[in-house]
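These notes are about the structure you will find just below.
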Amino acid sequence: MELVTLMYRYINKFINSDTLIKELDKLDIKKYSESEQKTIKTLIDEVKKIKKNIPNELDEIEASRLSNIDHMIDLLCKAKSSENLDESAIKFIEKQHKQLLSDKEAIRDGGKLYSSIFELMTNNSVVNKYASEMNDLELLEFITHYISAPLPPEIDQQGFNDLVEAGIKEDKRESLWRLAFNYNHKNKDFTLIEDYFIQKRDDYYLTELISAVKDDLNMSKLLNKIVKTKDKEFINRVIETGNAYSLFEDDELEKLKQ
């Protein structure tokens, strides 16, 4: 899993090539078979060669990443200014804000340097072997450990639903919200997640889901499902929490208040 984790952290730009090389050099390759050791040594040598010969540069992807971070920071700052947040919500916002600031300050690889190492890591046979051996719950926890990953593993809707079912079975509500966040704008249906949060009457994670991936949700159907619970206490909590985050349009609020 160490190699898989390093690959994932690098392609999602949580670390740069300097850190990648340091971590690769610290690997205990004796844990691997002889053929795998040779493959890993070759990988390390090739990464170092690329790092030495190809300069880093700010490309469009990296510029977009920094812009998105600024946007998220702005949203969190607005949310934090609300007077209706409880202590847990404030702590969550502060944690995410701190992480985003750290991500913004860190140096990330770009251009040909990034794309060259990207190809090496994602096409490495040893990395792919261990990535394919993860079960659904392991993959869910792996993906959701890193929030806002721009390049999560490519999976179809059925594969996504399998991860959701694994999370539901273990009541991993935080992981389910993070899973949706990481697959925002990637043509995924989040119905299973929203239905589970409604079933559990969890206004906190339901509103977090809406805040994170509202553009990917069918809000009309979602609001109807909330209203159909006829659980006034739950509905009022959704309204209150939603108002704190300015999540709902006027017509959406009216639907919830029916």
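Excluded from the calculations below are hydrogen atoms, water molecules and symmetry mates; all remaining heavy atoms, backbone and side chain alike, are included.
Taking the charged nitrogens against the carboxylate oxygens, Glu165 and Lys169 have no contact shorter than 4.0 Å, which rules out a salt bridge. Comment: Glu2 engages Lys31 in a salt bridge, judged by a side-chain N to carboxylate O separation of less than 4.0 angstrom. Taking a cutoff of 4.0 Å between a charged side-chain nitrogen and a carboxylate oxygen, Asp171 and Lys200 do not qualify as a salt bridge.
Distance check, rounded to the nearest 0.5 Å: CD1 of Ile44 to CG of Leu27 gives 6.0 Å. The CZ atom of Arg237 lies 11.5 Å from the CD1 atom of Ile226; values are rounded to the nearest 0.5 Å. A distance of 5.0 Å separates CG of Leu76 from CE of Met72, quoted to the nearest 0.5 Å. Atom OG1 in Thr39 sits 10.0 Å away from atom NZ in Lys129 (nearest 0.5 Å). Atom CG of Leu247 sits about 12.0 Å away from atom CD1 of Ile239, to the nearest 0.5 Å. Note that the CD atom of Glu194 and the CD1 atom of Ile210 stand 8.0 Å from one another [nearest 0.5 Å].
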| query | Could you walk me through whether Ser175 and Arg178 pass the side-chain contact (heavy atoms from CB on, under 4.5 Å) check? | reply | CA-CA 5 Å; Ser175 293; Arg178 285 170 171 258; 5.6 Å; no
| Stepwise side-chain contact (heavy atoms from CB on, under 4.5 Å) test for Lys228 and Leu223 | CA-CA 9 Å; Lys228 284 181 180 179; Leu223 295 175; over 6 Å; no
| query | Gln158 and Asp162: side-chain hydrogen bond (donor to acceptor under 3.5 Å, both in side chains), yes or no, with the steps? | reply | CA-CA 6 Å; Gln158 184 56 56; Asp162 289 342; 2.9 Å; yes
| message | Determine whether Leu206 and Leu222 satisfy the following criterion, side-chain contact (heavy atoms from CB on, under 4.5 Å), listing intermediate values before the conclusion. | response | CA-CA 10 Å; Leu206 181 61; Leu222 173 56; 4.2 Å; yes
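For the pair Met219 and Phe248, the minimum side-chain heavy-atom distance is below 4.5 Å. Looking only at side-chain heavy atoms (C-beta outward), Leu24 and Leu3 come within less than 4.5 Å of each other. For the pair Leu20/Asp109, no side-chain contact is recorded, criterion being any heavy-atom separation below 4.5 Å from C-beta on. At a threshold of 4.5 Å between non-hydrogen side-chain atoms, the residues Lys78 and Ser246 do not count as touching. Side-chain contact check for Lys188 versus Ile155: some heavy-atom pair is nearer than 4.5 Å. Between Phe160 and Ile193 the shortest side-chain heavy-atom distance falls below 4.5 Å. A 4.5 Å side-chain heavy-atom check between Glu23 and Lys26 finds at least one atom pair inside the cut-off. Contact of the Leu43 side chain with the Met121 side chain is registered, since non-hydrogen atoms from C-beta on lie closer than 4.5 Å.
A distance below 6.0 Å separates the ring centres of Tyr130 and Tyr32. Checked against a 6.0 Å centroid threshold, the rings of Tyr205 and Tyr196 do not count as neighbours. Ring centroid separation for the pair Trp177 and Phe92 comes in under the 6.0 Å cut-off. Ring pair Phe118/Tyr10: centre-to-centre distance not below 6.0 Å.
Of the listed residues (Leu140, Ile143, Val4), just one forms a side-chain contact (heavy atoms from CB on, under 4.5 Å) with Met134, and that residue is Val4.
Cluster membership for Ile147 and Ile90, using ILVMFWY side-chain heavy atoms within less than 4.5 angstrom, is shared. Note on Leu100: it does not cluster hydrophobically with Leu66, by side-chain heavy-atom contacts below 4.5 Å among ILVMFWY residues.
In terms of heavy atoms, Ala63 sits closest to Leu58 at N-CD1, 3.9 Å. Between Pro153 and Tyr183, the closest heavy-atom pair is O-OH, 2.6 Å.
Between the side chain of Thr207 and the backbone N or O of Asp203, at least one donor-acceptor pair lies under 3.5 Å. The main-chain N or O of Lys112 is found under 3.5 Å from a side-chain atom of Ser116 such that the two form a donor-acceptor pair. With hydrogens and angles ignored, the 3.5 Å screen pairs a side-chain donor or acceptor of Asn182 with a backbone N or O of Tyr146. In this structure, Asp59 contributes its side chain and Gly111 its backbone to a donor-acceptor pair below 3.5 Å. In this structure, Asp216 contributes its side chain and His185 its backbone to a donor-acceptor pair below 3.5 Å. One N or O on the side chain of Asn128 and one on the backbone of Asn124 form a donor-acceptor pair closer than 3.5 Å. Side chain of Thr229 to main chain of Lys225: no donor-acceptor pair is present (N/O by atom type, distance under 3.5 Å, no hydrogens or angles). Side chain of Asn16 to backbone of Thr19: a donor-acceptor contact under 3.5 angstrom is found. Distance alone, capped at 3.5 Å, places no donor-acceptor pair between the Asp136 side chain and the Ala166 backbone. Under the 3.5 Å distance criterion, the side-chain polar atoms of Glu141 are left unmatched by any main-chain donor or acceptor of Glu138.
Ring geometry, Phe142 versus Tyr8: the interplanar angle falls from 30° to 60°, so the pair is classed tilted.
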Using residues 250-257 as the side-chain source, report each donor-acceptor pair under 3.5 Å to any protein atom, sequence neighbours left out, with the distance given to one decimal.
{"unit_1": "Glu252", "atom_1": "OE1", "unit_2": "Lys214", "atom_2": "NZ", "d": "3.0"}
{"unit_1": "Glu252", "atom_1": "OE1", "unit_2": "Glu249", "atom_2": "N", "d": "2.8"}
{"unit_1": "Lys255", "atom_1": "NZ", "unit_2": "Ser220", "atom_2": "OG", "d": "3.2"}

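Remark: Arg9 is not positioned above the aromatic ring of Phe14, lacking an NZ or CZ atom under 6.0 angstrom from the ring centre and at most 45 degrees off the axis.
For CD of Glu34, the number of neighbouring non-hydrogen atoms (other residues, nucleotides, ligands) closer than 6.0 Å is 12 at most. In this structure, Lys186 places its NZ atom where more than 12 heavy-atom neighbours from other residues, nucleotides or ligands lie under 6.0 Å away. No more than 12 heavy atoms of other residues, nucleotides or ligands lie within 6.0 Å of CD1 in Ile107, so this atom counts as exposed by the packing criterion.
Under the 3.5 Å distance criterion, with hydrogens and angles disregarded, a donor-acceptor pair is assigned to the side chains of Asn161 and Gln157.
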